[in-house]
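These notes are about the structure you will find just below.
Numbers here simply count residues along the sequence, with the first being 1. Only a predicted model underlies this, so the values are computations on that prediction, with no experimental measurement involved. When a ligand or atom number is given, it counts from 1 through the structure's own listing order.
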Amino acid sequence: MNPPAAALSPPPRRPRRALLWGALVGLLLVAQTLLVALTLNYESSRAQDEADAAATEAAGEVKRDLLRTVQSLQALMWNDGSTPPWRDGASALMRAQRELLRVERRDGALDVGAAVDSGYGALFVQMARDALDVEAEVACAAARRMSAPVFSRTYFVPVGDGRGVEVMDLCLPVKDAGRDDGFLVATFGLAALLEGTLAPHRTRRHELTFVEGDGTRLARAGAGRGAGVYVSERLVDQPGATLQLRADGVAGRPSLIPNLTTALVLGLSMALFAVVLLLARDVRRRARAESALAEALAFRQAMEDSLVTGLRARDLEGRITYVNPAFCAMTGFGADELQQRGAEALPPYWPPEHAASYAERQRARLLGAGREPREAREGFETVFRRKNGERFPVMIYEAPLVDGDGRHTGWMSAVLDVGPQRRMEELSRQQQDRLQATARLATVGEMASLLSHELNQPLAAIASYASGSLNMMEQPDADTPGMLKQAMERIAEQAERAGRIIKSVHHFVRRRERQHESVAVDALIEAVLPLVRLQARKSGTRIELDLPAKAPRVMCDRTMTEQVLLNLTRNAIQAMETDTALEDRVLTLRVRQAHPRWVSFHVVDQGPGIAPDVAQRLFTPFYTTRSEGMGLGLSLCRTVIEQHGGALDFGPGPGGRGTEFQFTLPAPRSAADAAGDAAQSIVTPP
Ligand code: ADP
């Protein structure tokens with residue numbers, strides 16, 4: 001889990017990518033154009049090859065046909081032309097060889113002795129045979145010379161309606177016992193000669209023609225017209241004449257679209273293009289996602305680097321797999337020092353003196369792997385060691401690390417150096433202490449007057465007991481020893497009380513450690529009641545006590561709490577001294593336990609109440625409305641109550657009459673405490 005952003009290479013620059021894409025598209029275009037061109041070229045050469053094959057096949061067939069016909073005609077020579085067998089033979093021959101249009105038997109002077117026309121009609125009707133005899137005569141002259149069959153040149157025979165047939169004659173010299181016996185002249189129709197020379201699959205695709213040297217077409221055959229693109233010519237050499245045979249492909253140049261192969265290639269190319277486009281889109285999307293990821297990682301990195309909280313990840317064996325810069329700065333160890341350690345090696349930031357207990361804690365954590373311990377969420381405080389050996393307190397919050405498959409793979413901890421915080425807390429505590437000490441010192445004056453006030457009573461009592469004792473000792477009688485003992489006991493009692501007052505004030509000023517004890521409320525009330533009664537009697541005030549049937553207990557500094565009660569009751573009695581009718585002068589002391597942890601005390605009078613301007617400054621030290629007052633009572637009361645954790649408050653009495661002061665004191669934590677402490681709360685009357 002190293003910082004991943006560092007391993008991330010910057011995305012390739014845009015122009016380079018565009019160049020690559022341009023090259024790819026260009027290459028694809030060239031490849032496809034080449035492919036189409038090659039396909040077309042292949043088509044062309046295939047068509048040309050077919051035309052060549054058709055021409056060769058047709059020429060061969062024409063030659064074979066002519067040879068067959070010549071042989072058949074030679075068989076016919078043995079019959080006399082005037083006889084029916086000759087005629088029948090000639091007719092049969094013409095039926096078999098459809099290119100034969102007419103057979104003539106001629107004598108030595110080339111006069112026609114007998115002639116048979118083919119079953120399709122006579123040839124020389126439009127023009128007489130005589131008028132078209134030149135070619136035959138030339139051929140026969142040559143045939144006689146060579147004593148072999150000779151073909152004439154081709155010539156046109158009109159058959160009416162402006163139409164005609166191109167024909168040529170074959171002249172065979174007839175020998176009878178070694179001497180010339182005239183000629184056999186056969187007339188061939190060139191068109192018929194072409195018919196049937198090609199296999200059906202070729203006739204459909206080629207037009208066959210006999211052409212002259214200048215390109216004039218003499219005769220044609222075939223289903224369609226040749227397009228003149230794929231043309232092949234062959235010479236058909238015969239004695240006396242040479243025919244030029246041409247095969248002309250019906251198909252023109254291969255066109256781009258209707259051609260199946262080309263269409264296929266084009267279709268595939270288009271599909272290829274579409275794929276490339278989709279691929280490009282995908283690549284673009286990927287690039288966008290990549291850059292977003294890089295941004296997010298950089299953001300995370302910046303966040304981690306800027307954190308002041310140390311982050312530490314550990315696997316399930318306790319090996320450190322990741323630490324952030326803040327953690328390294330906090331401990332002083334480098335990331336490498338922390339991460340490249342075996343599972344058994346203890347982290348270097350564990351103080352050696354705590355290593356055993358930390359290892360135990362870690363083992364417990366690992367055993368409970370997957371379960372999130374409560375302390376992990378709430379955090380726990382511990383002590384780490386810096387590289388320089390310094391110990392410092394840290395707060396650790398842990399959360400389980402869960403991978404993409406929901407497997408628990410380790411722990412991620414946030415580590416806070418709470419050293420500065422602890423130092424601040426200590427500083428502020430010290431400051432608070434000093435402040436409180438100052439505040440307490442400020443009340444020393446109050447204490448002095450309080451002491452003089454409180455000590456007056458015991459001291460006066462001591463003085464009067466002492467002078468009484470002296471008197472008794474001057475005139476002793478039988479009762480003197482007993483009286484003296486009683487007086488001494490009173491003196492000791494009062495001295496003890498005076499001592500308690502001084503001690504509690506001394507403790508208060510020195511802020512002794514809390515030595516609160518559990519005291520029953522009725523014991524407290526009983527302790528102050530004699531003094532309150534004494535004061536109440538002077539102004540004719542009645543005292544009403546309102547305590548719960550089972551008196552609750554409170555945790556308090558007994559003497560100071562008694563002092564508070566004394567102050568509040570004295571204020572209440574004084575408030576009723578002037579303006580309250582004698583019959584209305586009632587002081588109510590009420591105690592309630594409304595909350596299991598808190599007990600409240602209420603001191604209610606029927607006096608004039610407290611004016612708002614007085615109320616504002618009531619707790620200000622030295623604020624008083626009485627000429628003989630010190631103005632310290634209430635501020636002292638509040639300090640005492642607050643030191644106990646309680647609160648002192650006031651308001652109008654029930655029904656809006658008089659004033660009610662109330663304060664709270666904590667109840668002992670449990671019944672067991674209360675029972676244990678019960679023995680200490682001994683009621684001692686003043
Ligand atoms: P002192 O009693 O010395 O004046 P305290 O702090 O006890 O000082 O009281 C301050 C002032 O608060 C008194 O002077 C009085 O005016 C007023 N006060 C205190 N208690 C009562 C009360 N129960 N009713 C009316 N006024 C009161």
Is the contact between Thr624 and ligand 1 made by the side chain, the backbone, both, or neither, using heavy atoms and a 4.0 Å cut-off?
both
Between Asn567 and ligand 1, which residue portion shows a heavy-atom distance shorter than 4.0 Å: side chain, backbone, both, or neither?
neither
At a 4.0 Å threshold, what atoms of ligand 1 neighbour a non-hydrogen atom of [X]?
{"X": "Thr659", "value": "24 (N)"}
{"X": "Leu618", "value": "12 (O), 17 (C)"}
{"X": "Ile610", "value": "25 (C), 26 (N)"}

Pick from Arg386, Arg312, Arg385: which one makes a side-chain hydrogen bond (donor to acceptor under 3.5 Å, both in side chains) with Tyr349?
Arg312
Could you check Leu634 against Asn567 for side chain to side chain contact (heavy atoms under 4.5 Å, CB included), going step by step and ending with a plain yes or no?
CA-CA 7 Å; Leu634 285 177; Asn567 273 329; over 6 Å; no
For the residue pair Thr580 / Gln606, report whether a side-chain donor-acceptor contact shorter than 3.5 Å exists.
no
Would you please say whether a donor-acceptor pair under 3.5 Å links the side chains of Arg592 and Ser600?
no
Value rounded to 0.5 Å, distance of CZ in Arg533 from OG1 in Thr541:
13.0 Å
Using distance alone, determine whether Asp605 and ligand 1 share an N or O pair under 3.5 Å.
yes
